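See below for the structure under consideration.
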Amino acid sequence: MAQLRVDALVSRAVARRVEERLREITGRRFVHLCGSGTAAIMFTLRAMHIPRGLEVLMPALLCVNPGSATVYAGCKSAFCDVEKETYNVSLSSLEASITPNTRCIIAVHEHGEPCDIEGVMDVAQRHGVPVIEDSAKALGIEIGSGHAGGFGDASIMSFGRGKTIEIEGGGGAVATDDSQLSSRLQKMIKTYPYVDVEGDIFYKVHRSLFYATRDAALNNPSALKYYGRFVDVFKDWYMRSPLGLRWDALEEELVDIEDNIRTRRGTAALYKQILSGGAAKVPAYSGKGSYVRYPVLIGNSETLGPKLRRLGFDSNELIPPVNNMFNPEAPLSTYPNSEYVYKRQLILWAYSDEERVKRCAEAVKEAAKPPA
Ligand SMILES: Cc1ncc(COP(=O)(O)O)c(C=O)c1O
């Protein structure tokens, strides 16, 4: 018992230091650690007093978690399209998708490429809607004169699988400059219990359910509607207390986040160099992101993805847009660019081992067919 108490104190001290470091990296006044990035979004929506049943607008080509967080907060997730070249939010679609029910916009730096966050904030300001910057995959990059995690009314971060920094068991954080929002967040986060779940098992179950739904949806898109319901199975895991998570590991990784970003940029540049001019279409990336993955567009993703995995390279393909996952009553919707991209996208891993990146890129170059 005494040992447990000492551990908890040590963990709290590390957590405070990590929050301080994240304040430094994002330039924010307040940072609060959370059990996950999903929890960070849900707490922020609640702390912003977004009324239940009203809409939170986000890009359709996105991982399911921001939509799930919206549902956990009692709001409705609403969507807009992305740009075909960067897979990030399309400002024209964003503006056209705002309705009288829109009460918040979630702006995402997908795969670590910075979205036009200032453009999103202009649109939001014109419509009097707050912005949550989702910097889950972009921690540590500069955007214009600011930093990812420093834009909008609040920003969220994640340290789960596939993020700039992954820690075993995951974790998240929320950052803001608004002292009232900050104190509401702090109170809310404290009320959630610690949930001791084995990260590996959680991620395996999550992944299996996702792919089973995805496969069913390839024959019948209505199957996607069920995924939003599965998400509830994981609610306790996402909404857990941040206490007891591996903040010591995060603290270590944050020491040289610049090096992490440099390596990721090097990987993206290498993929670009090898794949440019071939059949695969490389994204129009700025080179200023924190590339956690490198997605290209090809004409044969459904066969090349499995082939790459047989060769020992990780990849994802046919990850559908999330717009039909959360509202089973609504008719199926389509966002043309998101639909175009998902059918052609082959998402390559950003290995830090240069040789491995080269071999993976060469395998893609050899077998890719041009996207139609
Ligand atoms: C863009 C984005 N936002 C938020 C999240 C949620 O983060 P977490 O897994 O820590 O809940 C994820 C990934 O899961 C993500 O990809």
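Whatever order the structure lists ligands and atoms in, that order sets their numbers, starting from 1. No hydrogens, no waters, no symmetry mates; every other heavy atom, side chains included, goes into these values. What you see is a predicted model, and the numbers here were worked out from it, not measured in a lab.
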Going by the rule salt bridge (Lys or Arg N to Asp or Glu O under 4.0 Å), which residues pair with Asp177 if we only count those two or more places apart in sequence or in a different chain?
Arg28
With a 6.0 Å cut-off on ring centres, are His206 and Phe210 close enough?
no
Hey, what polar pairs (N/O, under 3.5 Å) does ligand 1 make with protein?
| from | atom 1 | to | atom 2 | distance (Å) |
| --- | --- | --- | --- | --- |
| ligand 1 | 3 (N) | Asp134 | OD1 | 3.2 |
| ligand 1 | 3 (N) | Asp134 | OD2 | 2.5 |
| ligand 1 | 7 (O) | Ser158 | OG | 3.3 |
| ligand 1 | 10 (O) | Gly37 | N | 2.8 |
| ligand 1 | 10 (O) | Ser158 | OG | 2.7 |
| ligand 1 | 11 (O) | Gly37 | N | 3.2 |
| ligand 1 | 11 (O) | Thr38 | N | 2.8 |
| ligand 1 | 11 (O) | Thr38 | OG1 | 2.5 |
| ligand 1 | 14 (O) | Lys163 | NZ | 3.2 |
| ligand 1 | 16 (O) | Lys137 | NZ | 3.4 |

When rounded to the nearest 0.5 angstrom, what distance separates CZ in Arg21 from CH2 in Trp247?
15.5 Å
Please table the atom pairs, donor to acceptor, closer than 3.5 Å between any side-chain atom in residues 141-149 and protein atoms at least two apart or in another chain.
none

Residues in side-chain contact (heavy atoms from CB on, under 4.5 Å) contact with Pro295, at least two apart in sequence or another chain
Tyr87, His111, Tyr285, Gln345, Ile347
Taking the six-membered ring of Tyr340 as reference, does the NZ or CZ atom of Arg344 fall below 6.0 Å from its centre and within a 45° cone about the axis?
yes
